[in-house]
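Order of the sequence lines sets the chain letters (A, B, ...), proteins ahead of strands, with each chain counted from 1.
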Number of protein chains: 2
Amino acid sequence: MSDNQTLAADLKSTGLKVTVPRLKVLELFEQSSTRHLSAEDVYKALLHEDLDIGLATVYRVLTQFEQAGLLRRSNFESGKSVFELNEGSHHDHLLCLECGKVVEFFDAGIEERQQAIATKHGFALQEHSLALYGHCQVADCEGKRARRGRG
Amino acid sequence: MSDNQTLAADLKSTGLKVTVPRLKVLELFEQSSTRHLSAEDVYKALLHEDLDIGLATVYRVLTQFEQAGLLRRSNFESGKSVFELNEGSHHDHLLCLECGKVVEFFDAGIEERQQAIATKHGFALQEHSLALYGHCQVADCEGKRARRGRG
DNA sequence: TTTATTGCAAAACCTTTGCATGTAT
DNA sequence: ATACATGCAAAGGTTTTGCAATAAA
């Protein structure tokens with residue numbers, strides 16, 4: 001729900017110059033119905049908008065956005081990184097092995113125990129990576145894994 | 001417990017032929033003081049024993065061992081897979097970002113909650129991946145940290 | 001103008017694969 | 001003897017990097 005003015009302002013506030021590739025990548029994340037996108041996803045989506053933005057630039061922009069705190073990166077078992085808008089609230093992920101659906105969740109109990117475990121072993125906890133994998137019960141998914149969703 | 005007889009028997013019981021590369025890789029995991037090894041680690045360790053075992057073979061053997069249930073594979077943030085002996089008991093990992101130390105832990109509470117979260121979202125939980133990252137308090141590790149002037 | 005950013009292609013990584021040779025059973 | 005395993009080199013997929021051209025400030 002952000003116009004280009006706001007997007008540009010968001011960019012400026014991170015100290016990054018406002019350029020077409022950066023605006024478009026940010027806009028894509030803001031507007032996409034799919035929250036989680038890989039570099040390739042972003043690259044192809046931009047191509048479909050007839051934007052000639054190189055894959056290398058996409059990677060650079062994604063990395064810069066991650067460092068600027070605009071995006072969060074996750075490494076699921078797919079072997080490639082996926083990015084999502086960083087809206088401040090930490091969460092972990094639950095993924096469907098069948099249809100690729102991604103559910104976000106936060107569990108205070110798990111967070112607490114992680115902290116306790118680190119402390120118990122004499123570690124200062126810095127970050128963690130948690131992903132659950134399973135099969136969702138949606139009819140569409142259980143029945144046919146044929147389709148692979150693309151935003 | 002880890003003489004060649006036993007190792008060979010372990011191999012046979014998986015249906016895999018007993019070959020030098022397989023014996024040596026298994027032996028390495030049994031004898032190594034480092035539980036968690038990457039393909040490259042294994043490759044180099046074997047080289048140091050003057051064994052001419054190709055990297056491709058190492059990858060093939062590791063994959064076969066994983067499928068046979070002899071090894072477990074983890075994908076930490078390093079970007080490469082690490083393998084460890086599968087001793088049957090599930091555990092997750094706590095890693096030191098500084099020195100690379102790996103601590104294994106199991107927490108029934110976390111396991112329970114993961115199950116509950118999956119169920120709540122209508123998922124049949126299949127597997128999960130959990131890794132905690134932090135800084136260990138070991139002097140040796142702290143020292144490195146200080147020397148590098150980053151904290 | 002000055003400095004940062006882009007695009008392209010090439011390289012860097014980790015991992016897998018094709019194929020001819022070699023080995024276990 | 002046969003089927004499977006190995007080594008090498010080449011290729012695969014994802015991500016990074018060098019560099020000249022380009023665009024933002």
Side-chain angles (χ1 to χ4, degrees), chain A residues 4-5 7-28 36-47 49-68 70-83 148, chain B residues 4-5 7-28 36-47 49-68 70-71 73-83:
Chain A
N4 278 22
Q5 303 279 5
L7 294 178
D10 287 351
L11 277 180
K12 272 181 198 139
S13 76
T14 67
L16 291 169
K17 277 189 186 172
V18 178
T19 66
V20 169
R22 287 177 182 156
L23 273 177
K24 291 303 178 180
V25 168
L26 194 47
E27 184 182 283
L28 176 63
H36 302 82
L37 300 169
S38 67
E40 186 94 30
D41 292 338
V42 171
Y43 175 66
K44 285 186 180 158
L46 297 179
L47 270 193
E49 296 183 38
D50 288 315
L51 293 166
D52 261 336
I53 298 177
L55 184 54
T57 298
V58 169
Y59 273 104
R60 280 185 288 231
V61 169
L62 291 174
T63 301
Q64 291 158 350
F65 282 7
E66 184 199 5
Q67 284 163 357
L70 261 36
L71 296 179
R72 278 192 67 212
R73 180 199 300 253
S74 299
N75 293 293
F76 300 135
E77 297 201 339
S78 59
K80 48 189 185 180
S81 295
V82 303
F83 298 81
R148 222 208 87 202
Chain B
N4 278 23
Q5 302 282 3
L7 295 178
D10 287 351
L11 278 181
K12 272 182 198 139
S13 76
T14 68
L16 291 168
K17 275 188 187 171
V18 178
T19 66
V20 170
R22 288 177 182 156
L23 273 176
K24 291 302 177 182
V25 169
L26 194 48
E27 183 181 284
L28 176 62
H36 302 81
L37 300 170
S38 68
E40 186 93 31
D41 291 337
V42 171
Y43 175 66
K44 285 186 180 158
L46 297 180
L47 271 191
E49 295 183 38
D50 288 314
L51 292 166
D52 261 337
I53 297 178
L55 185 54
T57 298
V58 170
Y59 274 104
R60 280 186 287 234
V61 169
L62 291 174
T63 301
Q64 291 157 349
F65 282 8
E66 185 199 6
Q67 285 163 357
L70 260 37
L71 296 178
R73 180 199 299 254
S74 299
N75 292 292
F76 300 136
E77 295 200 343
S78 59
K80 48 189 186 180
S81 295
V82 303
F83 298 81

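Looking at heavy-atom distances under 4.0 Å, S81(B) makes contact with sugar-phosphate atoms alone, never a base. Across all strands, R60(A) comes closer than 4.0 Å to base atoms (heavy-atom distances). Nucleic acid contact for V20(B): none, since no nucleic acid atom lies under 4.0 Å from a heavy atom of the residue.
When the P atom of dT6(C) is taken as reference, atom NZ of K24(A) falls 14 Å away, rounded to whole Å. Note: OH (Y43(B)) to P (dC8(D)) measures 7 Å, nearest angstrom. One interatomic measurement links the two molecules: CG of L11(A) to P of dT6(C), which rounds to 10 Å at whole-angstrom precision. What separates CD1 of I53(A) from C1' of dA23(D) is a distance of 13 Å, to the nearest Å. Straight-line distance from the CG atom of L37(B) to the P atom of dT15(C): 13 Å, rounded to whole Å. Distance CG (N75(B)) to P (dC13(C)): 19 Å, rounded to an integer number of Å. Following rounding to the nearest Å, E40(B) (CD) and dC14(C) (P) show an atom-to-atom distance of 7 Å. Atom-to-atom, NZ of K12(B) to P of dA5(D) comes out at 14 Å; the value is rounded to the nearest Å.
Atoms CG and CG, from L23(A) and L28(A) in turn, are 12.5 Å apart once rounded to the nearest 0.5 Å.
In this structure, T14(B) and Q67(B) have side chains that are not in contact, with every pair of non-hydrogen atoms separated by 4.5 Å or more. Looking at L37(B) and F83(B), their side chains never come closer than 4.5 Å, going by heavy atoms from C-beta outward. R22(A) places none of its side-chain heavy atoms less than 4.5 Å from the side chain of V25(A).
Of the candidate nucleotides dT15(C), dC8(C), dT6(D), dT6(D) has the atom nearest to the side chain of P21(B). You'll find that the side chain of R22(B) is closest to dT6(D), out of dT16(D), dT17(C), dT6(D). Between dT16(C), dA5(D), dT25(C), one nucleotide has an atom nearer to the side chain of L16(B) than all others, and that is dA5(D). Set against dT15(C), dT16(C), dT6(C), the side chain of T19(A) has dT6(C) as its closest nucleotide.
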Might you work through the side-chain contact (heavy atoms from CB on, under 4.5 Å) test for F65(B) and L11(B), ending with a clear yes or no? CA-CA 9 Å; F65(B) 282 8; L11(B) 278 181; 3.6 Å; yes

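Residues D52(A) and G79(B) each lie close to DNA chain C; by heavy-atom proximity, the contact nearer the 5' end of the strand is made by D52(A). Comparing V82(A) and K17(A) by the nucleotide of DNA chain D that holds the closest heavy atom to each, the one mapping nearer the 5' end is V82(A).
Contact between the side-chain N/O atoms of Y59(A) and the OP1/OP2 oxygens of dT16(D) is not found at any separation under 4.0 Å.
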